[in-house]
Amino acid sequence: MYILWLSIQGKCNFTTLSAHGSYSEKSYRLHFKHNQFNFSAFNLALIDKSFESERIAAFDPSFLKKSGKETYGLDFFYNGSAQKTDKGMEIGCLAIIGVSIETAMPLSVKQTPAHKDHGGLMDHYCDFIKSNSHHLKSSGVKCIAADGYFAKRKFIDKMIDLDLTVITKSRQDANLRYCFSGQQKQGRGRKRIYGDKVDCKNIDARRIRKFHSDQEDTFYSGIVYAVSLKRLVRMVYIQSNSTGKHTILISSDKDMDPIKIEQYYRLRFQIEFLFRDAKGYGGLQDCQARSEAKINFHHNMAFSSIGLAKAASIRTCKDKSNFTFSIRDIKTLHNNKLLTDLIFSNLGLDLTCKKIIKLYKKCLDFGARAA
């Protein structure tokens, strides 16, 4: 199924599977419905063979266009590309990122149910991550990065319960307070813990100290109290040298190295490339099914095939510090092999002949390009 999936040029659906594969469309529909393949365990095995020990997790939902009336999970979800709420489906992807190789591979994918079928989006996201927490733990992941939507107390509290450090982006006007370090008043009453409110446009460089600078940005860091999160966090304040605009990153671990916070949040964007490849080449939006089981199998196949292709590319890469990946070349190679094997077998050509082997390899590389 994986080789066939990667061999298809165009839409990956039941019609094209039956046209390129060995079974009928009905057989593929039944396979998608009843197959209980453990995608998470398979993906984790690929990750363990591809990444070194330093890894982080990343989570992000994504909107998928879908029409119809009876499709499972069809509802109104936020569409980031259109910057509005649209009718369709939503999936959540939990990925693991290799820090040294700076690329992401999928661990698990799950569709978001319609709003009437769950208690709330944040509860659904947290439950999904919790269901995969044993995979994260066995993979040595201790940190999860997510975008600014997840800078919420409920999400961070539940991730901390799973022994995961959360790195996320805060609002530019976040309600933060400095830690109080002055002299306490004498007498009865509760001692003062927090100081003045942080002016995010004009931070106090004596308490939020500079730790790095380059041509583009200046980086500051300090421990502050996040009022909305009800906890102390490590803040990384990034100010643009050219425009003066700022970005605020926070970590639930107040003792975390600020350099790691900036690095890990930057690596979070690798999950966006997974969505891009799964939608553009993995057939993520080509599903013809309506039932929950078939849709779930299709979505996981779309991401897992990208992970398999990436694992194969990492294995053959000699310089992993300069790793590049092109899913288009992988798809072209497999499509060429499918057609070449069909033509060569029908012509009865001898693949032990050196001239035939040379021609065979030339056909496989036809149309490929550098990443």
*Could you tell me if the ring centre of Phe77 sits under 6.0 Å from that of His115?*
yes
*Flag for Tyr237-Thr247: side-chain donor and acceptor within less than 3.5 Å*: no
_Just checking Phe275 against Phe303, ring centres under 6.0 Å apart?_
yes
*For the residue pair Phe39 and Phe297, is the inter-centroid distance of their aromatic rings smaller than 6.0 Å?*
yes
*Please walk me through it: do Thr103 and Lys310 pass side chain to side chain donor-acceptor pair (under 3.5 Å)?*
CA-CA 9 Å; Thr103 192; Lys310 190 171 288 190; 3.1 Å; yes
_Does either side chain, that of Ser139 or that of Arg55, offer a donor lying less than 3.5 Å from an acceptor on the other one?_
yes
_Backbone of Ser7 reached by a side-chain donor or acceptor of Asn335 within 3.5 Å_ = yes
*asked:* Taking the ring of Tyr220 and the ring of His212, is the distance between their centroids below 6.0 Å?
replied: no
_Donor-acceptor side-chain pairing of Tyr78 and Glu90 below 3.5 angstrom_ = no
*So, does Thr168 use its side chain to make a donor-acceptor pair with the main chain of Asp147 at under 3.5 Å?*
yes
*Is the distance between the ring centroids of Phe37 and Phe42 under 6.0 Å?*
yes
*Short side-chain to backbone donor-acceptor contact, Ser133 and Lys130, under 3.5 Å*: yes
*Are Tyr194 and Tyr225 an aromatic pair by the rule of ring centers under 6.0 Å?*
yes
*Evaluate whether atom NZ of Lys279 has more than 12 neighbouring non-hydrogen atoms of other residues, nucleotides or ligands under 6.0 angstrom away.*
yes
*Assess the pair Phe325 and Phe273: is the distance between their ring centroids shorter than 6.0 Å?*
no
*Counting distance only, does the side-chain N/O of Ser221 pair as donor-acceptor with the main-chain N or O of Met235 below 3.5 Å?*
yes
_Students often mix this up, so state it plainly: with edges at 30° and 60°, are the rings of His298 and Phe32 parallel, tilted or perpendicular?_
tilted
*For Glu52, look at atom CD and say whether over 12 heavy atoms of other residues, nucleotides or ligands are found less than 6.0 Å away.*
no
